[in-house]
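One structure is given here, and the rest of the page talks about it.
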Amino acid sequence: MSLDRLSRRVIASVTIEGETSPRVELSPAATSLLDRLWAMHGPLMFHQSGGCCDGSSPMCYPAGDFITSDADVLLGELALDGDGAGVRVIPFWMSAEQFAYWRHTYLIVDVVPGRGSGFSVEAPEGVRFLIRSRLMDDVGRRSDQP
């Protein structure tokens, strides 16, 4: 987990066994919004269960409000650090079925104006989380591959 203090980008820890590169990061706008949401709702979590490409919306819930299982993959843990609140870790989960389609992508969680659907905690704020993506580099992604 790392925080680029100048840009407020947060890069997730590597949580998938055998991988060496992170898969998820927060944009500065997402980091700022999550700081506010954490103050209102306490610990948070993300879950991505649908969508096929850029523009998909991950859902943000109070931690534990969405139950994960073996049918979900923990893509990374995002550590918010600042304002004397200590480190606040936000896990980012994806359904295993969805991960089968997105396994070659690096996800950037951003924020855009507008209202998303569902029960994501940012909805009352008049914004929604949005996924931007790029292909992952093959080099260094898995420690068990040449």
Side-chain angles (χ1 to χ4, degrees), residues 1-38 40-81 87-146:
M1 296 179 269
S2 69
L3 171 68
D4 181 329
R5 294 196 186 281
L6 295 177
S7 69
R8 297 265 306 151
R9 278 177 51 224
V10 174
I11 300 171
S13 61
V14 177
T15 55
I16 297 176
E17 188 176 337
E19 293 197 355
T20 59
S21 295
R23 290 186 161 272
V24 184
E25 78 175 64
L26 300 173
S27 72
T31 301
S32 293
L33 178 59
L34 286 163
D35 282 335
R36 290 195 328 262
L37 293 172
W38 189 289
M40 290 188 278
H41 301 283
L44 301 168
M45 65 180 288
F46 276 108
H47 191 272
Q48 178 81 37
S49 60
C52 65
C53 49
D54 277 358
S56 297
S57 293
M59 302 294 281
C60 184
Y61 300 101
D65 275 13
F66 186 93
I67 306 299
T68 59
S69 70
D70 290 341
D72 298 290
V73 177
L74 179 60
L75 295 187
E77 293 181 326
L78 299 145
L80 302 178
D81 183 23
V87 176
R88 295 156 294 148
V89 177
I90 301 174
F92 191 103
W93 293 88
M94 180 176 279
S95 71
E97 182 178 353
Q98 190 70 21
F99 182 64
Y101 295 113
W102 285 48
R103 69 182 173 273
H104 299 296
T105 57
Y106 181 85
L107 307 178
I108 300 137
V109 180
D110 202 0
V111 175
V112 295
R115 225 181 134 129
S117 61
F119 300 101
S120 197
V121 295
E122 82 281 3
E125 305 300 309
V127 295
R128 68 182 181 97
F129 289 109
L130 174 98
I131 294 294
R132 300 186 192 281
S133 64
R134 64 174 171 78
L135 289 177
M136 289 189 69
D137 298 331
D138 288 333
V139 178
R141 208 176 109 232
R142 294 187 63 91
S143 60
D144 61 344
Q145 295 176 344

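Quick note: numbers below take in every heavy atom, side chains included, and nothing from hydrogens, waters or symmetry partners.
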Legend entry - Nearest-0.5 Å distance that lies between atom CE in Met59 and atom CE in Met45: 11.0 Å
Legend entry - Minimum heavy-atom distance between Met136 and Arg23, given as atom pair plus value: SD-NH1, 3.2 Å
Inset, instruction - Rounded to the nearest 0.5 Å, what's the gap from CD on Glu97 to CH2 on Trp102? Could you check? - result: 13.5 Å
Legend entry - Shortest non-hydrogen contact between Gly76 and Ala12, atoms and distance: CA-CB, 3.9 Å
Legend entry - Sole candidate of Ile11, Leu80, Ile108 that passes side chain to side chain contact (heavy atoms under 4.5 Å, CB included) when paired with Leu26: Leu80
Inset, instruction - Can you see which heavy atom on Leu44 is nearest to which on Pro91, and at what distance? - result: O-CD, 3.4 Å
Inset, instruction - Hey, could you give me each pair passing side chain to side chain donor-acceptor pair (under 3.5 Å) that has a residue in residues 63-74? Not counting sequence neighbours. - result: His47-Asp72
Inset, instruction - Taking Ser49 for its side chain and Ser95 for its backbone only, find out whether a donor-acceptor pair lies under 3.5 Å. - result: no
Legend entry - Residues that Ala29 engages under side-chain contact (heavy atoms from CB on, under 4.5 Å), provided they are two or more places apart: Ser27, Asp110, Val111
Inset, instruction - Tell me, please, which residues at least two apart from Glu122 pass salt bridge (Lys or Arg N to Asp or Glu O under 4.0 Å). - result: none
Legend entry - From CG (Leu130) to OG (Ser57), nearest 0.5 Å: 6.0 Å
Inset, instruction - Go through the structure and list residues passing ring-ring contact (aromatic ring centres under 6.0 Å, His included) with Tyr101, not counting sequence neighbours. - result: none
Inset, instruction - For residues Cys60 and Leu34, determine if any side-chain heavy atom of one lies less than 4.5 Å from a side-chain heavy atom of the other. - result: yes
Inset, instruction - Kindly give the heavy-atom pair with the smallest separation between Val109 and Pro58, and that separation in Å. - result: CG1-CG, 4.4 Å
Inset, instruction - Look up atom OG in Ser56 and atom CE in Met94, then write down how far apart they are to the nearest 0.5 Å. - result: 8.0 Å
Legend entry - Rounded distance (nearest 0.5 Å) linking atom CZ of Arg132 with atom OG1 of Thr105: 14.5 Å
Inset, instruction - Mind checking ring-ring contact (aromatic ring centres under 6.0 Å, His included) for Tyr106 and listing every partner two or more places apart, or none if nothing turns up? - result: none
Legend entry - Taking every non-hydrogen atom, the tightest pair across Arg128 and Arg115: CD-C, 4.2 Å
Inset, instruction - Mind listing the closest non-hydrogen atom pair of Leu33 and Glu125 along with its distance? - result: CD1-CG, 4.4 Å
Inset, instruction - Rounded to the nearest 0.5 Å, what's the gap from CZ on Phe129 to OG on Ser120? Could you check? - result: 6.5 Å
Inset, instruction - Using the test ring-ring contact (aromatic ring centres under 6.0 Å, His included), find all partners of Phe92 that sit at least two apart in sequence or belong to another chain. - result: Phe46
